[in-house]
Amino acid sequence: MNFRLQTLVGAVALSLAGYASAGDLIVKIGHVGPTSGPSAHLGMDNEDGARMAIDDLNAKGVMIGGRKAHFELMAEDDAGDPKQGTAAAQKLVDEKVNGVIGHLNSGTTIPASKIYSDAGIPQISPSATNPQYTHQGFKTAFRVVADDAHLGGTLGRYAVNNLHGKRIAVIDDRTAYGQGVADEFEKGAKGAGAAVVGREFTNDKATDFSAILTSLKSKKPDVIFFGGMDSVAGPMLRQMRQLGINAKFMGGDGICTEELPKLAAGAMADNQVVCAEAGGIDPKDVAAVKGMEAFRARFKQKFHTDVQIYAPYVYDSVNVMVAAMVKAGSADPAKYLPVLAKTTNYHGVTGNISFDPRGDIKNGALTLHTYRGGKEVTLGVVR
């Protein structure tokens, strides 16, 4: 075969890798996230992670029960809204998907989880951190990140022990995620000896925080914690600067994004913001670090944008689910669900994944970050 023909055959084979052939086992993987609304950049990040996993699996030619599997992504937008989230969940159930990855927000994941449970469809959330999600007793619910009890509590103790915060204020956006992580932060901070001098709330679409920030300024907090997403945290940081509030600003994985400096529009001082991302790789694990770097490079090449937060966790979620199908020899949810529940030491790009009896990840890691010169900087990984 001459070089030109060999190249042409290779290109045709590559182009056909994403298409089903007669006799293939069609496996439908649902994904739900907010691809519209204020958190659309995070929702698209998640959806792209799922798309990358599906494309990689189809290129590999995965076999399930002796048949070549062809994977199809069934993507839905929940706009971060619980009602739209349950509608999206029902649509995926009606389409008879084999499994679901999502949702992004706890506020949409929790109500949707009952719909998937009633249908017997396994669901892995790559980002929902409210403990309630896996505490409902649904055998179909799993997650690959640490929950708020771990994340919020760790940040609360860090605020006192590492940032030397003595007077702490807490704000949340009244979503299941925001209020949940703020509650756990407050418990952790109080347990470490800090005084919580103020507790305020806003909503996940607010842009004006002058009233609550003015109220908190008079209480002279060392640290302000915000339970919510980066789309609200950015404007809040701008208004803190305008009011002359120089407190440290902390938050969970919802604010720990590449977009936060842009959303804050230059209002962030170096080392002012400290946030924790659920998940993470120990910098000493050279192979794992290189694996994540390779993933990020491939992601950027494929989608022409940087990973925001959760795309690697979505990627791993899809692959963990499919690994269970392969081991069970079936994509039937009833047959592979027991195998999925027993997942132990799956080596993903985000680290090892094992599920406990509730469906939570065992020994979940947290990565602490700050920002310097408008760039995200890793402070360390804790468990």
What I'd like to find out is whether the side chain of [X] reaches to under 4.5 Å of the side chain of [Y], using heavy atoms alone.
| X | Y | answer |
| --- | --- | --- |
| F249 | L237 | yes |
| E200 | L216 | yes |
| L25 | F71 | no |
| I168 | V160 | yes |
| V62 | K68 | no |
| N130 | D147 | no |
| M44 | F303 | no |
| D230 | H41 | yes |

Check for a donor-acceptor pair, side chain of [X] on one end and backbone N or O of [Y] on the other, with a separation under 3.5 Å.
| X | Y | answer |
| --- | --- | --- |
| K248 | V273 | no |
| S117 | S113 | no |
| T86 | K83 | yes |
| R238 | A267 | no |
| T350 | Y313 | no |
| T378 | G380 | no |
| R143 | A128 | yes |
| N319 | Y315 | yes |
| N105 | T108 | no |
| D55 | L57 | no |

Task: Stepwise side chain to side chain donor-acceptor pair (under 3.5 Å) check, S330 with D332 - done: CA-CA 5 Å; S330 174; D332 181 344; 4.9 Å; no

Output yes when [X] and [Y] qualify as a salt bridge under the 4.0 Å nitrogen-oxygen rule, no when they do not.
| X | Y | value |
| --- | --- | --- |
| E293 | K290 | no |
| E95 | K28 | no |
| R51 | D56 | no |
| D183 | K187 | no |

Just wondering, are more than 12 heavy atoms of other shown residues or ligands nearer than 6.0 Å to [atom1] in [X]?
| X | atom1 | result |
| --- | --- | --- |
| K327 | NZ | no |
| K219 | NZ | yes |
| F201 | CZ | no |
| N246 | CG | no |

Return the minimal non-hydrogen interatomic distance between [X] and [Y], and the atom names on each side.
| X | Y | answer |
| --- | --- | --- |
| L104 | G43 | CD1-N, 3.9 Å |
| Q123 | G102 | NE2-O, 3.0 Å |
| G99 | Y336 | CA-OH, 3.5 Å |
| T257 | Q308 | CB-OE1, 3.9 Å |
| C275 | G252 | CB-O, 3.9 Å |
| A88 | E76 | CB-CB, 3.9 Å |

Task: P122: which of L337, N98, V100 passes side-chain contact (heavy atoms from CB on, under 4.5 Å) - done: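 Only one option passes, and that is L337.
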
With clusters defined by side-chain heavy atoms of hydrophobic residues (ILVMFWY) lying less than 4.5 Å apart, directly or transitively, does [Y] cluster with [X]?
| X | Y | result |
| --- | --- | --- |
| V196 | M250 | yes |
| I115 | I110 | no |
| V197 | I224 | no |
| I309 | L379 | yes |
| F225 | L263 | no |

[atom1] of [X] to [atom2] of [Y]: how many Å apart, nearest 0.5 Å?
| X | Y | atom1 | atom2 | answer |
| --- | --- | --- | --- | --- |
| I101 | E47 | CD1 | CD | 13.0 Å |
| Q84 | D77 | CD | CG | 5.5 Å |
| D172 | T202 | CG | OG1 | 9.0 Å |
| D45 | E258 | CG | CD | 10.0 Å |
| H31 | D48 | NE2 | CG | 9.0 Å |
| I124 | T343 | CD1 | OG1 | 7.0 Å |

TODO: Determine the interplanar angle of the F142 and F355 rings, folded into 0 to 90°, and report it as parallel if under 30°, tilted if 30 to 60°, perpendicular if over 60°.
DONE: tilted

Open item on the list: Please determine whether side chain to side chain contact (heavy atoms under 4.5 Å, CB included) holds for the pair F209 and I212, giving the CA-CA distance in whole Å, both sets of side-chain angles, and the decisive distance to 0.1 Å.
Closed with: CA-CA 6 Å; F209 316 101; I212 60 176; 4.1 Å; yes

Open item on the list: The test is side chain to side chain contact (heavy atoms under 4.5 Å, CB included); show your working for E376 and C256 and say whether it passes.
Closed with: CA-CA 8 Å; E376 193 174 17; C256 236; 4.0 Å; yes

- [ ] In sequence, state the C-alpha distance, the side-chain angles, and the governing distance for H103 and N46, and then conclude on side chain to side chain donor-acceptor pair (under 3.5 Å).
- [x] CA-CA 9 Å; H103 302 204; N46 279 24; over 6 Å; no

TODO: Go through the steps to decide whether D360 and Y133 satisfy the test side chain to side chain contact (heavy atoms under 4.5 Å, CB included), and finish with yes or no.
DONE: CA-CA 9 Å; D360 284 315; Y133 168 54; 5.8 Å; no

- [ ] Give the C-alpha distance, both sets of side-chain angles, the deciding distance and a yes or no for side chain to side chain contact (heavy atoms under 4.5 Å, CB included) between E277 and I255.
- [x] CA-CA 9 Å; E277 176 187 352; I255 77 165; over 6 Å; no

- [ ] Give the C-alpha distance, both sets of side-chain angles, the deciding distance and a yes or no for side chain to side chain donor-acceptor pair (under 3.5 Å) between D148 and Y177.
- [x] CA-CA 8 Å; D148 290 338; Y177 163 70; 5.6 Å; no

- [ ] Let me see the working for D222 and H164 under side chain to side chain donor-acceptor pair (under 3.5 Å), right down to the final yes or no.
- [x] CA-CA 8 Å; D222 306 309; H164 310 295; over 6 Å; no

